[in-house]
Structures are given as C-alpha cells and as structure tokens.
S.K.: 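This is the structure I want to talk about, given as structure tokens.
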There are 2 protein chains.
Amino acid sequence: MDNRFIRKLENFTRFSEADLKALEDASAQGIRRLGAREDIVLEGDEPRYVNLLLEGWACRYKQFQDGRRQIIAFFLPGDLCDPHIFTLRRMDHAVATLTPVTLARISQERIEAITTASPRVAETLWWAMLHTTAIQREWTVSLGQRSAVERLAHLFCELHLRLRAVGLTEATSYELPVTQADLADTLGLSSVHVNRTLQELRTSGQITWKGRRLTIHDLPALTALALFDPAYLHLDHEGAHLDAH
Amino acid sequence: MDNRFIRKLENFTRFSEADLKALEDASAQGIRRLGAREDIVLEGDEPRYVNLLLEGWACRYKQFQDGRRQIIAFFLPGDLCDPHIFTLRRMDHAVATLTPVTLARISQERIEAITTASPRVAETLWWAMLHTTAIQREWTVSLGQRSAVERLAHLFCELHLRLRAVGLTEATSYELPVTQADLADTLGLSSVHVNRTLQELRTSGQITWKGRRLTIHDLPALTALALFDPAYLHLDHEGAHLDAH
DNA sequence: CGGCTCCTTGAGCCCAGTCAAAGTCCGTGG
DNA sequence: CCACGGACTTTGACTGGGCTCAAGGAGCCG
C-alpha cells in the first residue's frame with residue numbers, strides 16, 4: 001500500500017472495504033505538487049481546505065517580526081492538517097513545505113460525508129487529532145526540560161516511530177530531509193549548537209547522518225538518553241475494538 | 001452567571017435555552033472537591049470521565065524520574081479536560097490541582113448525548129478543543145523562542161485574557177494563585193531565575209504581584225514586550241453565525 | 001511561637017548563543 | 001567536464017543568559 005494516510009490510520013484500527021474506498025477517494029481529490037520551502041497556508045488565512053500530505057515533509061511554524069522562527073510541528077507523509085479547522089475563523093499559524101510535497105485538498109463537506117458514513121472513520125480521525133496534540137505536548141516537555149542532546153535524541157526517536165508507522169523506515173534508518181537550521185528552529189537552539197550536538201551524537205557512535213539518511217546505531221541507548229517513552233504516540237492499535245471483520 | 005464553563009463557551013457562540021439547560025445539567029454531575037496539590041489523573045490511567053473544572057486552578061504535567069517536571073497546560077475555571085479522551089487507552093500525562101478545586105465529572109454518554117442533541121454545542125466543544133491546542137502551540141513558541149522576561153510577560157497576558165473570558169478579572173488585575181516554582185516548571189526556567197525576572201518586571205513598573213493578586217500596570221507595554229498576539233486564543237465570538245435566536 | 005513553605009539574594013559556573021570565516025556539497029551552465 | 005555560485009555545514013573565539021548551590025528572610029498557620 002502506498003497510501004500513507006490510510007497506513008497511518010490503520011495504526012489505530014482496521015478499516016472495512018467501504019471505509020478504505022471512502023478514504024482512498026478522499027485522498028485522491030485536488031492533488032497539488034509544491035516545491036521545497038513554499039508556504040501552503042499563511043497566518044491569518046481563512047481555512048478553506050483540509051490539507052493531506054501524501055509525500056514529502058512540511059511544518060507548522062510561527063515567525064516574529066524580528067526574524068525568530070519556531071517550527072511548531074512536522075507534517076510527515078500521511079499526516080492531515082487539522083480536520084476540524086473550519087470552526088476557526090483565521091489561521092493562527094502558517095504551514096510551509098520543507099521538501100517538495102504532494103498534497104490532497106479535502107473539503108469540509110467530504111470530511112463530514114466520510115465521518116457520517118462510518119463511525120469507525122470518525123473515531124479514527126479523532127484519534128489522529130489526539131495523536132497530534134499529544135506530540136505537541138511532548139514537544140512542550142522537550143523545550144521546557146530537555147537539554148540540547150536530549151531534545152535532538154528525542155526528536156530522532158519520535159521521527160523513527162512516526163515514519164515506521166507509515167512504512168518509511170529501513171531497519172534502523174530513515175530519510176531526514178531537513179537542514180540543521182530547520183532542526184534549530186524546531187528545537188529552540190541555534191544552528192551552530194545543533195551542529196555541535198550532532199557531532200556529539202556522531203562521535204559517541206549513536207547516529208550517522210549522511211546524504212539525508214539518518215541511521216540510529218543503538219536505538220535503546222538513544223531512547224534512554226532522550227528519556228523517550230513511545231506511549232504518547234498511541235501507535236499501538238488502540239482502536240482494536242473497532243476493527244472491521 | 002457563575003457557571004464558568006458556559007461563560008467560556010459563550011465566547012464562541014450564544015446558546016439556546018435548551019443548550020443552556022443541557023450544559024447546566026452536565027456541569028452539575030458528580031461534583032468533587034479536592035485540595036491543593038492533589039493528583040486528579042495519573043499518567044497511565046485509563047480515561048474514565050471528562051473532568052470539568054468549575055473553581056480553582058489545575059494543570060497537566062509530565063515528570064521525569066530524575067525529578068524534572070514540566071507543566072504542560074493550565075486549567076482555569078470553566079476548562080474541560082479533553083472531551084474526546086476516551087478514544088485513547090491510557091493517559092500520556094498527569095493532571096493535578098494547583099489550588100483547592102471544584103470539579104464536575106461528565107461521562108462519555110452524557111457528552112455524546114448533549115452533542116447529538118445540539119449541533120451548536122457539538123461545534124462549541126470542538127472550538128474549545130481547538131482553543132486548547134492553539135494555546136499548546138503558543139507555549140511551544142514561547143519555550144522555543146522567547147527569553148525569560150518575554151515568556152513571563154506572555155503568560156501573564158494569556159492568563160489575563162483567559163480569565164477575563166470567564167469573568168475572573170478586575171479591570172487590570174487577577175488572582176494568580178500559583179507559586180514561583182510552578183511558574184518555573186511552566187516556563188522551563190529555574191525558580192531562582194523566575195524570581196529575578198519577576199523583579200525585573202516589578203522594578204520597571206510593569207506589574208505588581210502581592211498576596212496572590214497580579215496587577216498589570218501597562219497592558220499595551222506588556223503585550224509588546226511579550227510579542228503577544230491574542231488571535232490564537234480565538235475568544236472573539238468566532239461562532240457568531242451559530243448564535244441562537 | 002515554632003515550623004512549614006515560599007521568596008529573595010549572592011557568588012560562581014556552564015550551556016548555549018553570537019559573530020565570523022572557512023570548508024563542503026551540489027546543481028547548473030558554459 | 002570543469003567552473004561558478006548558492007545553500008548548507010563546520011570550526012574557532014568569545015559572550016552571556018540562565019543554572020546551581022547555599023544561606024537568609026518573610027509570611028502564614030496551628
């Protein structure tokens with residue numbers, strides 16, 4: 001299966017044929033391709049569509065007048081930006097691509113149609129939203145309490161599991177198509193310090209990061225260093241009681 | 001009106017008599033009183049009820065084995081903890097009181113009943129959840145990009161508007177019933193540094209904080225210092241098109 | 001009045017930031 | 001196939017915001 005969206009959602013529950021068809025149809029609507037570092041949604045925009053990321057990486061961010069920028073979240077393939085965003089009048093943050101991406105645009109009506117048609121799908125979109133907010137909380141914890149190495153290690157562990165959930169990892173490695181400056185804006189560090197912290201992880205033999213591919217050499221050790229507990233991702237088939245068949 | 005919950009929700013839309021009755025009834029269920037610094041929900045618990053905070057302050061938090069603690073969110077009177085939390089199997093964080101509180105416990109069935117009975121109420125609970133996650137994003141920005149003074153100033157501005165939305169401010173002041181250590185765990189600072197930063201705000205004439213009451217002497221100046229933009233709180237009657245009558 | 005808890009202050013240190021320059025990689029065009 | 005340019009990474013030297021440790025003060029409650 002190459003539909004990362006459905007693949008992600010099936011980490012919660014297994015769909016029926018009808019569910020699958022409805023989700024496939026929804027993710028084939030309004031396909032757009034964008035290049036790297038393009039804005040998808042601007043702060044202040046009126047929400048018009050739900051954007052579904054099919055390929056590539058994007059991010060939420062907020063930027064101050066003085067240039068400081070915080071990346072608030074990463075969108076990975078299969079991630080849906082805010083299924084209920086229509087309730088709000090204006091976007092309070094921006095969304096931009098990090099790499100070239102493929103997006104689907106899903107209308108409010110279609111979201112309503114597929115959730116009305118299947119309570120299982122409705123519940124699963126709820127789950128996706130709770131999963132997203134749980135990540136946001138964990139980022140709050142990282143920025144508030146973790147040191148530079150811990151933050152970096154934690155992010156690498158999180159990305160490993162999120163990408164694995166959509167089939168985008170090899171055994172111990174994955175594509176990490178962002179710059180050190182992006183990581184700096186994500187982790188609340190300077191890019192110089194991200195660079196030095198990466199070297200610390202490299203020389204201690206924890207990771208390799210060459211030509212966009214990150215390899216984790218000792219995941220248990222990195223997990224311990226990061227104080228990483230995967231429970232908050234809720235990727236462990238928690239909707240088993242809703243499974244089809 | 002002394003129902004802070006309804007008062008908060010009416011910052012989004014105006015309810016009908018039937019909506020009001022349903023919400024009043026829901027917030028009168030399973031009333032509990034707890035003292036200061038008691039846990040309401042533990043990390044790892046199975047979610048059983050939605051907790052509605054009627055009086056007092058509480059917080060979400062996460063704590064590491066080594067003692068580091070991050071307060072992830074404040075719950076103020078009228079705040080509802082996670083209306084859809086039942087979808088998840090286990091809590092990935094804890095909730096505790098900061099002051100003595102009064103809580104209502106709302107069951108999953110009742111939440112479903114009132115949202116099914118009134119699409120307006122359903123939409124408003126959606127709004128409340130989006131409001132909460134927007135605050136979480138802004139805290140991410142604060143911890144990632146704002147300096148100590150800016151973080152403190154930003155928090156004071158945010159609390160001012162959130163408390164005003166439920167009628168808990170005087171013109172320029174409000175009750176701030178937390179310790180400097182709590183603020184430290186919220187802002188990712190040490191309590192010593194919070195103390196020094198508070199003095200900076202005091203000696204520059206921005207605030208007074210005596211006997212639990214915080215007074216902001218020049219809100220525009222504090223807003224500017226904090227780079228505070230209230231848009232993310234979405235407290236500006238954004239559901240006007242849904243108003244009853 | 002004794003004993004909490006919380007706040008305040010001082011001294012010294014360190015993690016991470018800033019500034020600046022050089023090195024590397026990669027795509028593009030001649 | 002090489003030269004160029006731009007984006008990104010790496011390194012060095014220095015600075016500073018915020019941390020730690022520690023002790024003393026203030027307020028409050030029984």
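This is a predicted model, so every value here is computed, not measured. Quick note on labels: first sequence line is chain A, next is B, and so on, each numbered from 1.
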S.K.: Quickly work out the Gln145(B) CD to dA16(C) P distance and round it to whole Å.
M.R.: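 Checked: the CD to P distance equals 15 Å.
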
S.K.: Could you tell me the separation between the NE2 atom of His193(A) and the C1' atom of dG16(D), rounded to a whole number of Å?
M.R.: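 The answer, rounded to whole Å, is 14 Å.
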
S.K.: Which atoms form the tightest heavy-atom contact between Glu150(B) and Leu225(B), and what is the distance?
M.R.: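 Closest approach of Glu150(B) to Leu225(B), heavy atoms only: CG-O, 3.4 Å.
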
S.K.: What's the CG-P distance between Asn195(A) and dA21(C), to the nearest Å?
M.R.: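 In whole Å, dA21(C) P lies 18 Å from Asn195(A) CG.
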
S.K.: In this structure, is the centre-to-centre distance between the rings of Phe75(B) and Trp57(B) below 6.0 Å?
M.R.: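 Here the rings of Phe75(B) and Trp57(B) have centres that are no less than 6.0 Å from each other.
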
S.K.: For residues Ser27(B) and Asn3(B), report the shortest heavy-atom separation together with the two atoms involved.
M.R.: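 Reported closest heavy-atom pair: OG-ND2, 2.9 Å.
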
S.K.: By nearest atom, which of the nucleotides dC19(C), dG18(D), dA22(D) is closest to the Ala148(B) side chain?
M.R.: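 The listed nucleotide nearest to Ala148(B)'s side chain is dG18(D).
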
S.K.: At less than 4.0 Å, is any side-chain N or O atom of Arg202(B) found next to OP1 or OP2 of dC7(C)? Yes or no.
M.R.: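 The answer is no; no side-chain N or O of Arg202(B) sits under 4.0 Å from OP1 or OP2.
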
S.K.: Donor-acceptor pair, distance only, cut-off 3.5 Å: does the side chain of Thr97(B) make one with the backbone of Gly35(B)?
M.R.: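 Yes, the answer is positive, given that a donor and an acceptor are paired below the 3.5 Å cut-off.
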
S.K.: Without decimals, in angstroms, what is the distance between Leu176(A) CG and dT9(D) P?
M.R.: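 Checked: the CG to P distance equals 10 Å.
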
S.K.: Expressed as a whole number of angstroms, how long is the span from Leu183(B):CG to dG18(D):C1'?
M.R.: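 Rounded to whole Å, this separation is 16 Å.
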
S.K.: Just call it for Gly211(B): base, sugar-phosphate, or nothing, with non-hydrogen atoms closer than 4.0 Å on any strand.
M.R.: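 No contact.
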
S.K.: Distance check needed: dG17(C) P versus Arg68(A) CZ, whole Å only.
M.R.: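 The answer, rounded to whole Å, is 13 Å.
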
S.K.: Starting from the 5' end of DNA chain C, give me the residue, Ser191(A) or Leu198(B), whose nearest nucleotide shows up first.
M.R.: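 Final value for this comparison: Leu198(B).
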
S.K.: Assign Arg212(A) to base, sugar-phosphate, or nothing according to its heavy-atom contacts below 4.0 angstrom with the strands shown.
M.R.: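 It contacts nothing in the nucleic acid.
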
S.K.: Measure the distance from CH2 on Trp209(B) to C1' on dC6(C) and round it to the nearest whole Å.
M.R.: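 Result: 10 Å.
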
S.K.: Taking atom types as they are modelled, would you say the side chain of Arg196(B) forms a donor-acceptor pair with the base of dG10(C) within the 3.5 Å cutoff?
M.R.: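 Result: at least one qualifying N/O pair found.
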
S.K.: Under 4.0 Å between a side-chain N or O of Gln180(A) and OP1 or OP2 of dT10(D)?
M.R.: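 So the side chain of Gln180(A) is within the cut-off, an N or O lying under 4.0 Å from OP1 or OP2 of dT10(D).
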
S.K.: Reading DNA chain C from 5' onward, which residue's closest nucleotide shows up sooner: Val194(A) or Gln199(B)?
M.R.: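 It is Gln199(B), whose closest nucleotide lies nearer the 5' terminus.
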
S.K.: Tell me whether the side-chain N/O atoms of Arg146(B) come closer than 4.0 Å to OP1 or OP2 in dG17(D).
M.R.: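 Negative; the distance criterion is not met.
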
S.K.: Expressed in angstrom and rounded to an integer, what is the separation of Lys210(B) atom NZ from dG27(D) atom P?
M.R.: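 Going from Lys210(B) (NZ) to dG27(D) (P), I get 8 Å.
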
S.K.: For Arg213(A), I'd like to know if atom CZ has over 12 heavy atoms of other residues, nucleotides or ligands within 6.0 Å.
M.R.: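 Atom CZ in Arg213(A) is crowded, with more than 12 foreign heavy atoms closer than 6.0 Å.
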
S.K.: Categorize Ser147(B) for me: base, sugar-phosphate, or nothing, with a 4.0 angstrom heavy-atom threshold over every strand shown.
M.R.: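 Answer is sugar-phosphate: Ser147(B) comes under 4.0 Å of backbone atoms only.
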
S.K.: Counting the benzene-type ring for Trp, do Tyr232(B) and Trp139(B) have ring centres under 6.0 Å apart?
M.R.: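 No: the rings miss the under 6.0 Å criterion.
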
S.K.: So what does Leu189(B) touch, heavy atoms closer than 4.0 Å: a base, only the sugar-phosphate, or nothing?
M.R.: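 Since only primed, P, OP1 and OP2 atoms lie under 4.0 Å of Leu189(B), the category is sugar-phosphate.
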
S.K.: For Thr179(A), which contact category applies under a 4.0 Å heavy-atom criterion: base, sugar-phosphate, or nothing?
M.R.: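 Sugar-phosphate contact only - Thr179(A) comes under 4.0 Å of backbone atoms but never of a base.
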
S.K.: Considering every strand and a 4.0 Å limit on heavy-atom distances, what is the contact class for Arg151(B): base, sugar-phosphate, or nothing?
M.R.: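 No contact.
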
